There are 2 protein chains.
Amino acid sequence: MSQTWNQHVVKKENKALVLETIKEKAPISRASIAQVTGLNKGTVSSLVSELIDEKLTNESGTGESSGGRRPVMLLLNETAGYTISIDLGVKSILGVLTDLRGNILHEKRTLFNNNNVEEVLHLLYKLIDELGVAAPDSEYGIVGIGVGVPGGVVTTEGEILLAPNLGWKKVPLSQLLSEKYQVPITVENEANAGAYGEKVYGVGQLSSELVYASVGIGIGVGLILDGKLYRGLRGFSGELGHMTIEKDGAVCRCGNKGCWELYASEQALLKQAEKNGYVNATVEEIVIAANNGEANAINMLAQLGDYLGGVGITNIIHIFNPEQVVMGNTLQSAEKFIMPAIEKRIENNAIGFNKNDVQLNMSKLKKHSTVMGMAAFTIESFYITRGNERVTIS
Amino acid sequence: MSQTWNQHVVKKENKALVLETIKEKAPISRASIAQVTGLNKGTVSSLVSELIDEKLTNESGTGESSGGRRPVMLLLNETAGYTISIDLGVKSILGVLTDLRGNILHEKRTLFNNNNVEEVLHLLYKLIDELGVAAPDSEYGIVGIGVGVPGGVVTTEGEILLAPNLGWKKVPLSQLLSEKYQVPITVENEANAGAYGEKVYGVGQLSSELVYASVGIGIGVGLILDGKLYRGLRGFSGELGHMTIEKDGAVCRCGNKGCWELYASEQALLKQAEKNGYVNATVEEIVIAANNGEANAINMLAQLGDYLGGVGITNIIHIFNPEQVVMGNTLQSAEKFIMPAIEKRIENNAIGFNKNDVQLNMSKLKKHSTVMGMAAFTIESFYITRGNERVTIS
DNA sequence: TTCCCTTTGTTTATTCACTAGACAAACTTT
DNA sequence: AAAGTTTGTCTAGTGAATAAACAAAGGGAA
């Protein structure tokens with residue numbers, strides 16, 4: 001059944017609206033908030049005074065007069081609390097400490113070779129502890145920990161993590177962190193987090209229909225539909241890496257045939273490189289070779305762009321009619337060599353209307369897409385749950 | 001900017017909630033509504049009396065006592081108004097007259113050979129007029145006309161229809177109908193409407209993540225995500241018929257290569273049939289041949305199922321992690337021969353988690369999926385806009 | 001039958017959040 | 001200095017929901 005509506009809900013929503021307005025347009029006066037939101041001046045005054053009591057916003061000095069009494073400017077109190085946000089990769093862990101506006105205060109990357117669960121968890125705990133110590137004193141302290149992971153998070157049966165690329169199955173990461181740290185924990189797929197990061201802090205801030213393709217060892221896709229992250233029934237949407245693009249193609253480890261990521265990923269590139277005599281090369285080395293003008297390297301990257309743009313991304317454009325497609329993760333370093341191929345393929349292959357609507361970009365946050373997405377999740381849920389507490393208390 | 005919240009909104013939402021409850025659980029008493037929704041008995045009483053004044057609900061007689069005073073049962077007044085809902089196909093127009101619960105009172109199909117815009121519009125107007133005459137007298141009369149069309153509806157620049165399969169481009173259908181009939185008009189893609197029809201009245205009533213594949217001359221897909229129809233940025237989502245499934249495949253008329261609908265549609269089947277000596281055959285004839293045990297026909301249908309299930313629908317399952325995939329339109333007549341192939345392919349090719357979540361069904365409404373979807377749109381918007389009028393008046 | 005208990009639906013008093021408008025403070029312009 | 005503006009607070013009033021009392025209409029047992 002749907003929710004019932006009463007005055008408590010009205011107040012909660014209006015308060016959230018005022019806070020959101022301050023967040024977006026700070027510094028801003030009470031009078032301007034009233035005008036922008038359509039709320040009455042008195043209502044805004046009363047809600048703002050509660051927000052100040054809760055330390056969520058601050059009065060800074062007075063602003064410029066526009067012919068009358070000077071306005072008192074309000075600021076978001078972005079140092080009322082901090083988030084710890086993690087990108088758990090297959091070779092390294094990236095952790096950042098952010099304030100409530102998503103400013104990064106502290107950052108650390110830890111490399112590892114041993115994928116063993118206990119080993120990696122130990123490093124993860126160490127990293128979290130270090131970031132926690134780095135947090136300044138504040139009203140709310142650490143408001144949550146978010147971890148982006150290279151795999152699926154099953155939300156039934158209590159958030160269990162499955163990460164084949166890490167060799168992990170059924171790790172109850174969320175539960176483990178909840179027990180160790182008494183703060184809200186969010187665990188989310190790396191591509192989903194990346195999509196949200198680009199939407200909130202990156203190149204997608206103006207788009208509400210955005211597809212983020214994380215092209216790394218495999219391909220993961222995060223979907224922002226109608227301004228919100230779309231997870232599917234149980235969080236397994238976006239397995240576009242395992243979309244068939246060659247119906248009788250090679251067999252993938254997923255059991256399907258002709259999967260996109262067999263043709264257009266780091267894995268695919270390195271396999272091709274092996275054939276062309278680049279033994280045990282890395283993506284960076286191939287990009288350097290291309291920069292040095294080696295035809296083989298340039299061609300390999302262009303072909304990768306063909307497979308990315310001409311098939312997978314064209315399909316994405318047809319399926320979702322998105323406003324924006326953002327590409328991120330490790331293949332971003334080859335931008336210079338793959339983008340022209342991608343753009344050309346989309347120009348040639350995509351249907352007119354869908355093609356004209358879409359804007360294609362490389363990630364703006366680069367290595368930070370995932371951590372910033374996790375920070376956004378944590379911050380958003382902090383503001384929402386604080387609102388709910390207030391309602392039930394009053 | 002977001003919406004501001006006040007008591008008017010609260011009342012409007014609660015009234016909608018009460019009406020929704022009556023719609024779903026009729027016959028139901030005021031006391032039960034209060035218990036189900038969590039609203040106060042007095043509140044429910046007052047809202048119900050307004051709904052009765054507006055003729056949207058009725059008191060029927062008293063129900064059975066459960067040890068005290070007998071309850072007065074409330075019913076939805078489904079004959080307070082009627083919708084005219086149309087499925088504009090490439091060879092025929094199907095029109096129905098429905099009441100506010102979606103019961104079909106009158107139905108007519110008109111065939112045509114000449115795709116000329118004026119010609120078809122003339123037939124459409126005639127059909128609408130006939131259905132309008134058939135509507136009984138009622139409080140609100142015809143509350144809206146909805147037309148499902150075989151093409152895209154561009155919502156910018158005032159709802160222009162593009163229907164390549166009809167040979168139409170840039171027909172302002174919505175505007176034409178608005179001028180001729182002074183009631184709310186909805187024009188929507190046939191697959192989108194079919195998806196909503198199955199969600200509201202068909203086999204998808206319990207699912208909120210549903211993908212509807214309309215397999216006819218081409219393939220169109222309607223997406224129900226998070227319980228709502230997903231249209232993409234400008235209404236062009238769901239062009240999955242033009243998803244590449246063979247990267248170096250045949251060129252499609254859309255300009256892309258290896259599109260799904262080249263392998264798995266009526267068009268594809270008939271082309272194959274031609275090769276196998278079934279000259280100028282129809283789908284029905286091939287199904288009859290299969291029923292008569294002709295191996296060629298059986299094999300062609302099985303192969304069609306392979307392409308449907310093993311590639312396209314498997315991709316859908318990986319992309320969306322849906323709760324349900326529903327197939328409809330003309331190919332439904334071949335259900336018996338294609339379903340086993342589809343199911344087998346999905347079993348073999350789809351990734352475990354996504355596969356286990358999904359349920360595969362043929363359309364329940366069959367030829368009526370699209371018209372019922374249009375009826376659902378019209379009815380829903382009637383109830384919503386009536387609510388808004390009330391708010392601005394009071 | 002009669003009396004008591006239940007259940008339903010209405011009525012009344014109260015609460016709560018928002019709005020309109022008055023007002024004071026602080027500033028600019030003439 | 002006087003007049004007009006803008007900001008922010010305060011007060012009275014309104015509308016919608018809730019809680020609780022109450023009336024109406026039933027059932028069940030002695």
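Everything numeric in this text was worked out from a predicted model, so none of it was measured. Numbered from 1 within each chain, the chains take letters A, B, ... in sequence-line order.
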> What's the CD-C1' distance between A/Glu50 and C/dC18, to the nearest Å?
Replying inline: 13 Å
>> Roughly what angle, to 10°, lies between the helix axis at the start of the helix from C/dT1-D/dA30 to C/dT30-D/dA1 and the one at its end, five pairs per end?
In response: 10°
> Counting only non-hydrogen atoms, which of residues 56-69 of chain B are less than 4.0 Å from DNA chain D?
Replying inline: B/Ser65, B/Gly67, B/Gly68, B/Arg69
> Nearest of C/dT10, D/dG8, D/dA17 to any side-chain atom of B/Asn14?
Replying inline: D/dA17
> B/Arg70 has an atom CZ; how far is it from atom P of C/dC5, in whole Å?
Replying inline: 23 Å
> B/Met73 CE to C/dT7 P: how many Å, rounded?
Replying inline: 15 Å
>> I need the full list of side chain to side chain donor-acceptor pair (under 3.5 Å) pairs touching residues 55-67 of chain B, with sequence neighbours left out, sorted by first then second residue.
In response: B/Arg30-B/Glu59
> Partners of B/Glu209 by salt bridge (Lys or Arg N to Asp or Glu O under 4.0 Å), sequence neighbours excluded?
Replying inline: none
>> By the 4.0 Å heavy-atom rule, please label A/Val44 as base, sugar-phosphate, or nothing.
In response: nothing
>> Can a side-chain donor-acceptor contact be found between A/Tyr140 and A/Glu54 if the only test is distance below 3.5 angstrom?
In response: no
>> Are A/Phe320 and B/Phe320, when compared by the centres of their aromatic rings, separated by less than 6.0 Å?
In response: yes
> B/Lys41 has an atom NZ; how far is it from atom P of D/dA24, in whole Å?
Replying inline: 15 Å
> CZ of B/Arg30 versus C1' of C/dT10: gap in Å, rounded?
Replying inline: 10 Å
> So what does A/Ser46 touch, heavy atoms closer than 4.0 Å: a base, only the sugar-phosphate, or nothing?
Replying inline: nothing
> Just how far, in rounded Å, is P of C/dT15 from NE2 of A/His8?
Replying inline: 13 Å
>> Using only modelled atom types and a 3.5 angstrom limit, is any donor from either the side chain of B/Asn40 or the base of D/dA17 paired with an acceptor on the other?
In response: no
> For A/Arg69, what residues pass the salt bridge (Lys or Arg N to Asp or Glu O under 4.0 Å) criterion, not counting sequence neighbours?
Replying inline: none
>> Going by salt bridge (Lys or Arg N to Asp or Glu O under 4.0 Å), name the residues that satisfy it together with A/Asp357, two or more places apart in sequence or in a different chain.
In response: B/Arg234
> Expressed in angstrom and rounded to an integer, what is the separation of B/Asn6 atom CG from D/dG13 atom P?
Replying inline: 21 Å
> Do A/Thr83 and A/Thr98 have a side chain donor and acceptor closer than 3.5 Å?
Replying inline: yes
> When the distance from CG of A/Leu47 to P of D/dG8 is rounded to whole Å, what number comes out?
Replying inline: 15 Å
> Looking at the side chain of B/Thr43, which of C/dT15, D/dT7, D/dT18 is the nearest nucleotide?
Replying inline: D/dT18
> Does A/Ser32 use its side chain to pair, donor to acceptor, with the backbone of A/Ile28 at less than 3.5 Å?
Replying inline: no
>> Less than 3.5 Å apart, any donor N or O on the side chain of A/Ser49 or A/Ser46 sitting next to an acceptor on the other?
In response: no
